[in-house]
Amino acid sequence: MAEEHADSSAWSPPTFDANHPPKEVHSYLLNNGGEVPDSSVFARMAKWSPDGSTALAQCEDRTFRFLQLPEELLGITVDTTLSSSLPRSLTQSAPILDYAWYPCASARDRASFCFVASVRECPVKLLDASDGRLRASYRIVDHRERQVAPHSLAFNPGANRLYCGFEDAIEVFDIHCPGEGTRLHTTPSKKSRDGLKGIISALSFAPDMSSGLYAAGSLSPSAPSSSNIALFSEDTGEAPVMFVGAEGLQDGAGYGVRASVSQLMFNPGRPYLLYASFRRMDSIFCWDLRADVSRPIEVFGRKPLPISGKERKAATNQRLRFDIDYGGRWLSVGDQDGGISVFDLAAQPDTAPGENAPRPGSTPRTTPIMQFDGHRDAVGSVAFHPIQPLLLSVSGSRNFDASSGDVSESSSSSSDDEPVEVADAGASSEKLRRPSPVTISRKRPQPIALDASVKLWDFSPRSSSDCTR
């Protein structure tokens with residue numbers, strides 16, 4: 001009986017039903033919260049807290065916002081006094097570059113309920129999520145005594161160190177000792193061609209506690225002689241363990257993919273699989289770190305035809321972040337057309353290291369098993385709930401409309417095409433028309449978001465009666 005009780009209480013990842021389109025269970029517009037709706041406000045990224053009790057969004061108006069989600073759908077019982085006392089938004093002094101939840105953050109434990117944020121030209125901030133109070137700050141100073149804000153943040157699996165990526169270096173902080181950290185140079189010098197060069201735009205740790213491996217990606221596209229994704233170890237310091245590349249792929253040139261790295265992520269269920277997305281590319285690359293890392297083992301890309309007959313938009317520079325569920329089975333990503341794609345990561349058989357046969361000349365390309373219309377604007381971020389079969393998506397992008405700017409008055413006060421009589425000696429007067437006055441716009445067009453919405457999708461298994469409704 002004791003063994004049966006232990007088995008029933010063991011944690012298991014949520015079950016997602018990908019045979020049917022998900023059900024939209026909650027939706028609201030992010031920019032309709034105030035008295036006057038602001039069409040320029042949208043969420044660039046949203047992340048669940050580790051316990052799944054709340055979600056925090058990074059917004060375009062330099063604020064963090066706690067998303068208004070129904071607690072009954074999340075399956076989390078939280079103290080009502082805490083949930084009601086959470087600030088609606090936390091305003092920052094400058095644009096936000098990145099943020100990360102503390103790995104042990106829980107709404108039930110106020111001491112651990114915090115996150116770190118990178119704000120331009122400011123030290124890295126450790127903020128209390130319950131009231132926005134500054135708990136600690138971590139300074140990164142360059143050779144000219146300027147504050148440097150990192151472009152990427154990541155905690156190690158032990159949750160005792162914070163890694164911050166910026167230009168040609170990674171700063172490591174002991175979170176219990178605010179102040180200055182230890183700098184790891186990713187390249188020997190500015191002029192050197194070795195190492196990982198450029199702004200470190202993405203960091204990700206392998207979820208296993210034993211390896212200590214983490215991946216770092218750069219905004220600089222891969223050079224013909226090296227890749228812009230490298231693996232490091234906490235034990236070896238700034239010496240890269242290996243580089244991963246895309247040699248021989250049509251999308252790559254030389255050793256790596258010639259595009260800026262947008263995001264890196266390890267598979268939570270299979271920590272030897274590394275996934276990467278790149279700027280202005282629809283594909284997501286996957287490498288098996290147990291085998292040859294000079295080429296990916298799989299490339300995930302959405303179907304070439306747009307969803308629901310939409311006109312396909314051009315590639316965007318905006319980061320479109322993907323996510324993998326806690327079981328390591330499903331991968332989801334949005335696109336600039338407002339569609340959401342779901343991939344089955346278990347479709348390809350997992351081969352043991354000793355059974356790796358020579359791979360074919362072309363890397364397998366996997367298409368999504370499901371695509372559906374989620375929003376009317378670019379989907380900047382999707383996030384799987386850690387406990388429930390739910391997917392959170394946020395949308396919005398900068399769309400410039402010529403009518404959004406104010407038009408100045410005419411440079412001439414005369415009316416258009418006003419006739420003027422000109423007398424000429426020995427000839428009759430003729431009428432000439434003045435040219436139309438030139439109108440110059442005094443204000444630049446302001447960007448607007450076509451759809452700044454937050455939506456929650458339910459992937460719970462459905463019965464046959466539910467599918468026929």
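- Rounded to the nearest 0.5 Å, atoms OG (Ser341) and CD (Gln371) are 4.0 Å apart.
- Considering only heavy atoms from C-beta on, Pro150 comes within 4.5 Å of Ile140 through its side chain.
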| task | Might you work through the side-chain hydrogen bond (donor to acceptor under 3.5 Å, both in side chains) test for Ser381 and Arg44, ending with a clear yes or no? | result | CA-CA 7 Å; Ser381 170; Arg44 286 195 169 272; over 6 Å; no
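- Taking the six-membered ring for Trp, Phe155 and Tyr102 have ring centres closer than 6.0 Å.
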| said: Run Tyr272 and Phe266 through ring pair (Phe, Tyr, Trp, His ring centres under 6.0 Å) and show every step you take. | reply: CA-CA 7 Å; Tyr272 47 83; Phe266 284 89; over 10 Å; no
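- No side-chain heavy atom of Ile284 sits under 4.5 Å from any side-chain heavy atom of Met265.
- To the nearest 0.5 angstrom, Met45 atom CE is 11.0 Å from Gln318 atom CD.
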| request: Apply the test side chain to side chain contact (heavy atoms under 4.5 Å, CB included) to residues Leu392 and His385: give CA-CA distance (whole Å), side-chain angles for both, the deciding distance (0.1 Å), then the verdict. | output: CA-CA 7 Å; Leu392 176 68; His385 193 271; over 6 Å; no
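- Atom OG in Ser277 sits 8.5 Å away from atom CZ in Arg319 (nearest 0.5 Å).
- One N or O on the side chain of Thr186 and one on the backbone of Leu196 form a donor-acceptor pair closer than 3.5 Å.
- A salt bridge links Asp61 with Arg65: at least one charged nitrogen is closer than 4.0 Å to a carboxylate oxygen.
- With values rounded to the nearest 0.5 angstrom, Tyr99 atom OH is found 5.0 Å from Leu56 atom CG.
- No hydrogens or angles considered: nothing links the side chains of Thr316 and Arg280 as a donor-acceptor pair under 3.5 Å.
- The structure places CZ of Phe322 at 9.5 Å from OG of Ser262, a figure rounded to the nearest 0.5 Å.
- Under the 4.5 Å side-chain criterion, counting only non-hydrogen atoms from C-beta, Asp51 is not in contact with Pro386.
- Between Phe343 and Trp330, the closest side-chain pair of non-hydrogen atoms is not below 4.5 Å.
- Counting heavy atoms from C-beta outward, Leu153 and Leu97 have side chains that stay 4.5 Å or more apart.
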| request: Check the pair Ser332 / Leu391 against side chain to side chain contact (heavy atoms under 4.5 Å, CB included), numbers first and verdict last. | output: CA-CA 9 Å; Ser332 181; Leu391 180 70; 3.6 Å; yes
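- Between Lys190 and Glu167 a salt bridge is recorded (basic side-chain N to carboxylate O distance below 4.0 Å).
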| query | Yes or no on ring pair (Phe, Tyr, Trp, His ring centres under 6.0 Å) for Phe64 and Phe115, after CA distance, side-chain angles and deciding distance? | reply | CA-CA 11 Å; Phe64 291 107; Phe115 64 95; 5.1 Å; yes
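- Between Arg161 and Asp174 there is no salt bridge, since no side-chain nitrogen of the basic residue lies less than 4.0 Å from a carboxylate oxygen of the acidic one.
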| request: Could you please spell out the steps behind the side-chain hydrogen bond (donor to acceptor under 3.5 Å, both in side chains) verdict for Asp208 and Ser211? | output: CA-CA 6 Å; Asp208 58 328; Ser211 67; 3.0 Å; yes
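- You'll find the side chain of Val244 stays beyond 4.5 Å of the side chain of Phe285, heavy atoms only.
- Salt bridge absent: Lys23 and Asp458 never bring a charged side-chain N and a carboxylate O closer than 4.0 Å.
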| said: Apply side-chain hydrogen bond (donor to acceptor under 3.5 Å, both in side chains) to residues Thr15 and Asp17 and explain how you reach the verdict. | reply: CA-CA 7 Å; Thr15 303; Asp17 183 10; over 6 Å; no
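- Taking the side chain as every heavy atom from C-beta outward, Phe300 and Glu298 approach each other to under 4.5 Å.
- The structure places NZ of Lys47 at 13.5 Å from CG of Leu67, a figure rounded to the nearest 0.5 Å.
- Using bins of under 30°, 30° to 60° and over 60° for the plane-to-plane angle, the ring pair His26/Tyr28 lands in the tilted bin.
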| request: Dump the intermediate steps for side-chain hydrogen bond (donor to acceptor under 3.5 Å, both in side chains) on Asp98 and Ser152, then the final yes or no. | output: CA-CA 6 Å; Asp98 196 13; Ser152 54; 5.5 Å; no
| task | Please report the C-alpha distance between Trp101 and Phe113 in whole Å, then the side-chain angles of each, then the deciding distance to 0.1 Å, and finally whether the ring pair (Phe, Tyr, Trp, His ring centres under 6.0 Å) criterion is met. | result | CA-CA 8 Å; Trp101 280 100; Phe113 197 48; 5.6 Å; yes
| query | Stepwise, does the salt bridge (Lys or Arg N to Asp or Glu O under 4.0 Å) test hold for Arg398 with Glu60? | reply | CA-CA 9 Å; Arg398 293 178 179 177; Glu60 180 70 6; 2.7 Å; yes
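- Annotation: Glu24, atom CD; neighbour count of heavy atoms from other residues, nucleotides and ligands within 6.0 Å is above 12.
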| task | Show your working on ring pair (Phe, Tyr, Trp, His ring centres under 6.0 Å) between Tyr214 and Tyr163 and close with a plain yes or no. | result | CA-CA 10 Å; Tyr214 65 94; Tyr163 285 69; 5.0 Å; yes
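- Between His375 and Ser393, the closest side-chain pair of non-hydrogen atoms falls below 4.5 Å.
- Screening Leu274, Thr366, Leu331, Leu273 against Cys286 for a side-chain contact (heavy atoms from CB on, under 4.5 Å) leaves a single residue, Leu273.
- Donor-acceptor pairing under 3.5 Å is recorded for the side chains of Ser222 and Asn228.
- Here the closest heavy-atom approach between residue Ala43 and residue Ala57 is recorded as CB-CB, 4.1 Å.
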